[in-house]
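Proteins come first, then strands; the chains are lettered A, B, ... in the order of their sequence lines, and each starts at number 1. Computed from heavy atoms alone, side chains included, the values below leave out hydrogens, waters and symmetry copies.
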Amino acid sequence: MDHLLADLSEPQREAVTHTDGPLLILAGPGSGKTRVVTRRAAYLASTVARPYEILAITFTNKAAGEMRERIGSLGLAEGMTVCTFHAFCAKLLRVYHERFDISRNFTIYDTDDRRKVIKDAIERCHLSSENWTPATVERHISLAKNELLDAAGFEGSVSDWRLREVARIYQEYERQMTEMAALDFDDLLMLVAKLLDRDAELCDELECRYRYVLIDEYQDTNLAQYRIARLISQRRKNLCATGDPDQSIYGWRGANIENILNFERDYPKARVVRLEQNYRSTKRILAVADNLIVGNQRRKEKALWTANEEGVPVHVAEFDQADDEAETIARSIVQHVENGDRYSEVAIFYRVNSLSRVLEETLFKAGIPYQVARGVEFYNRKEIKDVLAYLRVLVNPADEVALRRMINTPPRGIGATSIERLEELCRASGRRVFDALTNGSDLSSLGRSAGKVSEFAALLRQLGEAVKMPAPDALRFVLSHSGLRAMYAREGDDEDAPIHNLDELVNAATEFQNEFPDSTIVDWLEFTALVSDVDSVDKETDRVTLMTLHAAKGLEFPVVFIIGVEDGLIPFRREEHVSDMEEERRLLFVGMTRAKRELTLSLAHWRMRQGATMRTLRSPFLDEIPQDGVEWAEVEDEAPVSSRPARSGGGRLPPDIDQWSSGTLVRHPVYGIGQILTLFRGARRTHVDVQFQRGQRMQWVLEFAELERVDYDEVGDTG
DNA sequence: AATATTCCCGTTTTT
DNA sequence: CGGGAATATT
C-alpha cells in the first residue's frame with residue numbers, strides 16, 4: 001500500500017490517508033487533485049473498505065472515465081461506483097422505480113425535447129407568450145427544480161404575476177412529462193433528493209452500500225446535489241468533498257458556491273486539507289492568475305505556489321480585427337510546431353461557442369489540424385435523434401415526443417394535420433397514441449390518411465420485435481425496416497453525411513454492448529442521453545483543441561490562448577442581465593490556470609457579434625493583472641475603411657470614439673446619464689442604442705447625437 | 001403533403 | 001450570422 005503514498009506531498013498524503021469522518025480537500029488548480037482522489041479511493045479500497053463500498057461522484061462523464069481509468073491502473077476499480085450525479089440518480093430511479101412511482105423504462109428528455117414539451121404546455125395554457133419566451137420559462141423551471149421545487153412547490157413560492165404564469169406552465173409541463181414517463185435532467189436530481197428526504201430507510205440502505213462517498217467539484221453542486229450528498233452519508237459522515245471555490249463557474253445553472261464555503265459549518269468535525277502547491281504552471285502564469293483571483297470576496301484563501309520554473313512572460317495581445325487575432329494565433333501555432341511542439345499541446349479557449357468560427361476558418365486555411373469540443377453535437381444531429389426516437393418509443397410507448405417525431409420520418413404522407421387529428425382522437429378516448437395504433441383500433445375517422453396511418457401502425461407492430469434485442473441489433477433492425485437508412489442513403493455519402501453518422505452510432509452502440517454485455521436498450525439510451533461531446537476530446541490525434549472556458553475545467557495544456565478578453569464577453573454581459581463578476585473572474589482564472597508553459601490573452605477592437613461588427617473595449621480584468629511578468633503587444637489600430645464617415649456627410653464623431661463600445665457610459669444634455677447597449681459602425685454612419693438611467697431608451701446616429709463619454713467613477717455605482 | 005423561400009428572432013456557459 | 005418558424009410554391 002506504500003506505493004499509494006510514496007510520491008505524495010505531505011498535504012496530499014494527509015488527504016489520502018484520512019479515512020473516517022468528513023473531509024474537505026481544497027484543491028488549487030494543478031495541485032494534483034485527481035491523483036489524490038484516485039489514490040484515496042484506492043487507499044480506502046485496500047484498507048478500510050471493499051471497492052464496491054465506494055461511491056465517487058463527478059461532474060462530467062469525462063472526469064468519471066478518467067478517474068475510473070486511473071483507479072483501474074492501480075488495480076482496484078472493480079466494483080467501484082464512479083459516475084456523474086445524473087447517471088447515479090438515473091440508476092437509482094430505475095432500480096427503485098416503484099418507490100418513485102414511475103415506469104422503469106422512463107425516458108430522459110434532453111434540452112430539445114424539453115423545449116418542445118414546454119412550448120406545448122404554453123399553448124395549452126392559452127397564455128400569450130409576450131411576457132416570456134420558452135427559454136425563459138425553461139430556465140425558471142430548471143432553477144426551481146435545482147431548488148427542489150416541483151410544480152406545486154413553485155406555485156406556492158411565487159407571488160409575482162409573471163411567475164404565477166410560469167407556475168401554471170410548469171404545472172402543465174409536469175403533467176405532460178408524467179404522462180409520457182419522461183424526466184428531464186433536473187428531474188433526475190430533484191426526484192432522488194426528494195425521495196431520500198422522506199425515505200430514511202432508503203438512505204440507510206444506500207449508506208450501508210456506499211460506506212465511503214466522494215464528491216468531486218463540490219463547488220459546483222446545487223441544492224439538489226448537496227442534499228443527495230448529505231443524505232447518503234448521514235450517519236457515518238464518511239463524506240469527502242473536493243473542489244475549489246475559486247473554480248466555481250456554474251452558478252448560472254443553480255450551483256451554489258456556499259455549499260463548499262460552508263462545508264465546515266455543515267460538518268463541524270470536518271478535516272480540511274489544502275492543496276496549494278501547483279505542479280502544472282510556470283511561476284509567472286500562476287502569479288498572474290493568482291493576482292486576478294484575489295480580487296474575489298467569496299472564497300477561501302489559498303496560498304498558491306509552485307516550484308516550477310519562472311517561465312516566459314504571460315502575453316497580452318491586442319488586435320484591431322478579430323481576423324488579425326485568429327491569424328496571429330495561427331502563425332504562432334505554426335511557429336510552435338516548427339520549434340518542435342505538437343499541435344495537441346495547444347488549446348484555444350473562448351467565452352462563447354460562436355467565437356470558434358473565425359478560428360476554425362483561419363486554422364483550416366492555415367492547414368492546422370484542430371478539434372472543437374462542442375456541447376452535444378453528435379447526439380443532437382437530426383439523423384441520430386431520428387433513430388433514437390424509434391428506440392425510445394419501443395421501450396417507452398408513452399414517449400409521445402419521440403412518437404411524434406418518428407411517425408412521419410421518413411415522410412409517410414402523414415402530415416401535421418393528420419397527426420393532430422390522431423392525437424385528438426386518442427385524447428378523446430383516453431388512450432395513448434401508441435396503444436391506439438398497435439391495438440388495431442378503428443382509425444377510419446382519420447379520413448384520407450387512415451390508410452397511411454394503418455400502414456404506420458403495422459410498421460410499429462413489426463418493429464416491436466426489436467424490443468428484446470441488444471441495442472446494436474435493435475438499431476440495425478430499426479434502421480433497415482423503418483426506411484431511415486434508405487432515406488439517408490439518398491443524401492450522399494460524403495465524409496460527414498448522415499449515413500456515416502448512423503454507422504458511427506451503431507459502432508458506438510456496439511462498443512457499449514461490448515463493455516456492458518448485459519445491458520439493454522434502455523441502458524444504452526440512458527447513456528446517450530447523459531453523454532456530451534466534451535467527453536470525447538481526444539488527446540490521441542495530434543491537433544489543436546478549441547473549447548469554451550467552461551469546458552476547459554479540469555484540463556491542462558502546455559500552450560494556451562484565451563481570445564476575446566473584452567468587456568462584455570469576459571465578463572459576459574447582456575442587456576438587462578447583470579453577470580456575477582466574481583464568477584466571471586473565476587472563469588478567466590480557470591482558463592489561465594490550464595496553461596503549463598505559455599499563456600496568451602488576446603482581444604480585438606472590432607468583433608463581429610450577432611452579425612454586426614462592433615467596437616469593443618478591453619476586459620476590466622486585464623487591469624487587474626500585474627504588469628510584472630506580463631508582456632503587452634499592441635497593434636496599430638486602424639479603423640476599418642468602411643467606418644470612416646465622409647466629411648461631406650456632415651456631423652462628427654466624438655474625438656475619443658475609439659474608447660466607445662457597448663457598455664460605455666455617456667451623458668446627454670437632455671436625457672442625462674445612460675449606457676450604450678449597442679454601437680454599430682456602418683459604412684457612413686455610426687449608430688448607437690442607449691439606455692438611460694431614467695428609463696428612456698434612444699437610438700441615434702452618433703455623428704449627430706450630442707453624446708459625450710463619462711467615466712465609471714464620475715457617476716459612481718450605476719447598477 | 002412536401003419542398004423552397006423568406007423572415008425574424010435571439011444570442012453564455014452544460015448534465 | 002444562423003436556426004427555426006411562418007409562408008409561398010410545386
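Under 3.5 Å, the side chains of A/T409 and A/D386 contain no donor-acceptor pair of N or O atoms.
A sub-4.0 Å separation between OP1 or OP2 of B/dT14 and a side-chain N or O of A/T548 is present. An OP1 or OP2 oxygen of B/dT13 is reached within less than 4.0 angstrom by a side-chain nitrogen or oxygen of A/N353.
Relative orientation of the A/H86 and A/F185 rings is perpendicular, given thresholds of 30° and 60° on the angle between their planes. In this structure, A/Y218 and A/Y226 have tilted ring planes: the angle between them lies in the 30° to 60° band. The aromatic rings of A/Y210 and A/F88 lie perpendicular to each other, with more than 60° between the two planes, well past the 30° mark.
Nearest nucleotide to the A/S418 side chain, out of B/dG10, B/dA1, B/dT15: B/dA1. In this structure, of B/dT13, B/dT15, C/dC1, it is C/dC1 that holds the atom nearest to the side chain of A/M608. The side chain of A/W252 approaches B/dT13 more closely than any other nucleotide in the set B/dT15, B/dA2, B/dT13. Considering only the side chain of A/T133, B/dG10 comes nearest among B/dG10, B/dA1, B/dT15.
Atom CZ in A/R585 sits roughly 22 Å away from atom P in B/dT13 (whole-Å rounding). In this structure, A/E217 places its CD atom 14 Å from P of B/dT14, rounding to the nearest Å. Here B/dT14 presents its P atom at 18 Å from CG of A/D184, a figure rounded to the nearest Å. Straight-line distance from the CZ atom of A/R253 to the C1' atom of B/dT15: 5 Å, rounded to whole Å. Following rounding to the nearest Å, A/E138 (CD) and B/dT13 (P) show an atom-to-atom distance of 14 Å. Here the P atom of nucleotide B/dT13 and the CZ atom of A/R139 are 12 Å apart, to the nearest Å. Distance A/L188 CG to B/dT15 C1': 9 Å, rounded to the nearest Å. A straight line from OH of A/Y350 to C1' of B/dT14 spans 14 Å, rounded to a whole angstrom.
Within 4.0 Å of A/N408, counting heavy atoms only, lie sugar-phosphate atoms of the nucleic acid but no base atom.
Heavy-atom distances to DNA chain B give each of A/A135 and A/F185 a nearest nucleotide, and the one nearer the 5′ end belongs to A/A135. Remark on DNA chain B: of its neighbouring residues A/H550 and A/T417, the 5'-side contact belongs to A/T417, judged by nearest-heavy-atom nucleotide.
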_Walk along nucleotides 2-10 of chain C from 5' to 3' and tag each nucleotide B, S or - by protein heavy-atom contact under 4.0 Å, base first, then sugar-phosphate._
S--S-----

Identify every side-chain donor-acceptor pair in residues 249-257 of chain A under 3.5 Å, counting partners at least two apart or on other chains, and give the distances.
residue : atom : partner : partner atom : Å
A/W252  : NE1  : A/I249  : O            : 3.0
A/W252  : NE1  : A/H550  : NE2          : 3.4
A/N256  : OD1  : A/E258  : N            : 3.0

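Using a cutoff of 4.0 Å between basic side-chain nitrogens and carboxylate oxygens, A/E327 and A/K365 are not scored as salt-bridged.
Between B/dT13 and C/dG4, the distance separating the two C1' atoms is 22 Å to the nearest Å.
Distance check, rounded to the nearest 0.5 Å: CD of A/E360 to OH of A/Y370 gives 4.0 Å.
Contacts of A/D110 classified as salt bridge (charged side-chain N to carboxylate O under 4.0 Å, His left out), with partners at least two apart in sequence or in another chain: A/K385.
Judged by ring centres under 5.5 Å apart and planes tilted less than 30 degrees, A/F85 fails to stack against the six-membered base ring of B/dT15.
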